[in-house]
Protein chains: 2
Amino acid sequence: MVDIDSGSGSSAPRKRADARRNEETLLDAAAAAFITSGVDVPVRDIAAKAGVGVGTIYRHFPTRADLIVAVYRHQVEACAEAGPTLLANGSTPHAALARWINLFVDFLVTKRGLAEALQSDDAAFETLHAYFLSRLVPVCARLLDAAATAGEIRPDMDAYELLRGVGNLCIGADNNPRYDARRMVELVIAGLRLH
Amino acid sequence: MVDIDSGSGSSAPRKRADARRNEETLLDAAAAAFITSGVDVPVRDIAAKAGVGVGTIYRHFPTRADLIVAVYRHQVEACAEAGPTLLANGSTPHAALARWINLFVDFLVTKRGLAEALQSDDAAFETLHAYFLSRLVPVCARLLDAAATAGEIRPDMDAYELLRGVGNLCIGADNNPRYDARRMVELVIAGLRLH
DNA sequence: TGGTTAGCGGAACAAGGCTCCGTTTGCTCA
DNA sequence: TGAGCAAACGGAGCCTTGTTCCGCTAACCA
């Protein structure tokens, strides 16, 4: 909410009022559309729901990835910030890692189509990749490092690879009663463990 | 190869010679196109490569899944048949399971886009799902069962879920040097183990 | 060899992404 | 305050890709 561009600083010359209003409206419409139809809902649908033309969407969010990032930014930030907290408060580093991964999984499986988009190699999702990785890989790396240092897990696990694998496991996790991504992810976490 | 419809029996009234020829040509063209452009290469491209009209493709293979199944049938059969063999010849059931899963992974990661298609919930891939599952789930179940009976792995793993998870892990495994599906799958197999 | 019809090709339609440009409207400054 | 200007808007329209449909061609059979 709030403060899309109040020009906290620098050169950006503060957008026109209607532009700011539209951006807000679009975010709301997109968030709603993502819930009902998944993150690859047709652009036209979002535009219609927001009561704007498609051109307006492309002006504010050049790629679908930009729109997705804008919609989910807060939740991703929250997830990223939870990492250090869990590490500080939790019992063992391995438990903190497990809990953090669960947060990530819960986030992904409740967003229709997001896990798919995250793994897509379509150039349009470049930004999405970049944002998620830049925000989450360092957090995951720190958790892995702590657990490895404590001797709880094998020391050779790469954070990028783990996140990517976990993301993959979340694909199709909604709408399929016979497949539980959480259970598979638990298996991976268990497999990390030294014994 | 060969013997697309030599009418080994029953009612089907033996297709015309040109139809059989075209089916053969299409399979070759599709196999080649899948390699160079992945399994979601445009239908027009396959038609052009085969020198036929798009209508001809749809007549022989109503959905893309039918074409994919036809192209990879032999390899899937081989994988399915390897299961019992590994179980009979291998050292322990867990080792046989691990080796069989590796076969499956090797198959998937060398087919651009196949793992994605396999998890897609698009109705057009229904047949693909059905075929892979009907062929591989029983094999996997038998391997799991043997390993569980031997007390090597937890007894509550579902074959469908495991295959689905492994399939998911293979998504995007080509073309990404930082992600190794085999390593992630090994983690899962390790996680299955009792200790 | 001629009639029947399976099978063929590709035009045409639908759906969705993305661009481009004529029009509208918020903002600034005299 | 209102005239001028550029930012922003809307949506027609183009492109790609999937899918259908139908007039034509040529295998097959008697």
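In this text, all values refer to a predicted model and were calculated from it rather than measured experimentally. So that the names make sense, note that chain A is the first sequence line, chain B the second, and so on, each numbered from 1.
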A/Asn22 side-chain N/O to D/dA8 phosphate OP1/OP2 under 4.0 Å: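 For A/Asn22, the contact criterion (side-chain N or O under 4.0 Å from OP1 or OP2 of D/dA8) is not met.
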Going by heavy atoms in the side chains, are [X] and [Y] under 4.5 Å from each other?
{"X": "B/Asn168", "Y": "A/Met184", "value": "no"}
{"X": "A/Leu114", "Y": "A/Leu128", "value": "yes"}
{"X": "B/Cys170", "Y": "B/Lys111", "value": "no"}
{"X": "B/Leu187", "Y": "A/Met157", "value": "yes"}
{"X": "A/Val52", "Y": "A/Arg59", "value": "no"}
{"X": "B/Phe61", "Y": "B/Leu27", "value": "yes"}

Please enumerate all protein N or O atoms sitting under 3.5 Å from an N or O of nucleotides 1-5 of chain C, with distances to 0.1 Å.
none

Donor on one side chain, acceptor on other, A/Thr63 and A/Asp66, under 3.5 Å: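 The criterion, which ignores hydrogens and geometry beyond distance, is satisfied for A/Asp66 and A/Thr63.
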Whole angstrom is fine here: how far is it from [atom1] in [X] over to [atom2] in [N]?
{"X": "B/Asp40", "N": "D/dG18", "atom1": "CG", "atom2": "P", "answer": "8 Å"}
{"X": "A/Asp122", "N": "D/dT16", "atom1": "CG", "atom2": "P", "answer": "16 Å"}
{"X": "B/Arg14", "N": "D/dA27", "atom1": "CZ", "atom2": "C1'", "answer": "12 Å"}
{"X": "B/Phe125", "N": "D/dG18", "atom1": "CZ", "atom2": "P", "answer": "10 Å"}
{"X": "B/Leu67", "N": "D/dT17", "atom1": "CG", "atom2": "P", "answer": "17 Å"}
{"X": "A/Lys15", "N": "C/dC27", "atom1": "NZ", "atom2": "P", "answer": "13 Å"}

Earlier contact from the 5' end, DNA chain D, for B/Arg64 and B/Asp18: B/Arg64
NZ/NE/NH1/NH2 to OD/OE distance under 4.0 Å, A/Arg182 and A/Asp106: yes
Nucleic acid contacts - residues 42-61 of chain A versus DNA chain C, non-hydrogen atoms under 4.0 Å: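 Those residues are A/Pro42, A/Val43, A/Arg44, A/Val54, A/Tyr58.
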B/Phe107 and B/Tyr72 aromatic ring geometry - parallel, tilted or perpendicular at 30°/60° bounds: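 The rings of B/Tyr72 and B/Phe107 stand perpendicular, inter-plane angle above 60°.
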Nearest listed nucleotide, side chain of B/Ala17, among D/dA8, D/dA27, C/dC27: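 Nearest to the side-chain atoms of B/Ala17, counting from C-beta on, is D/dA27.
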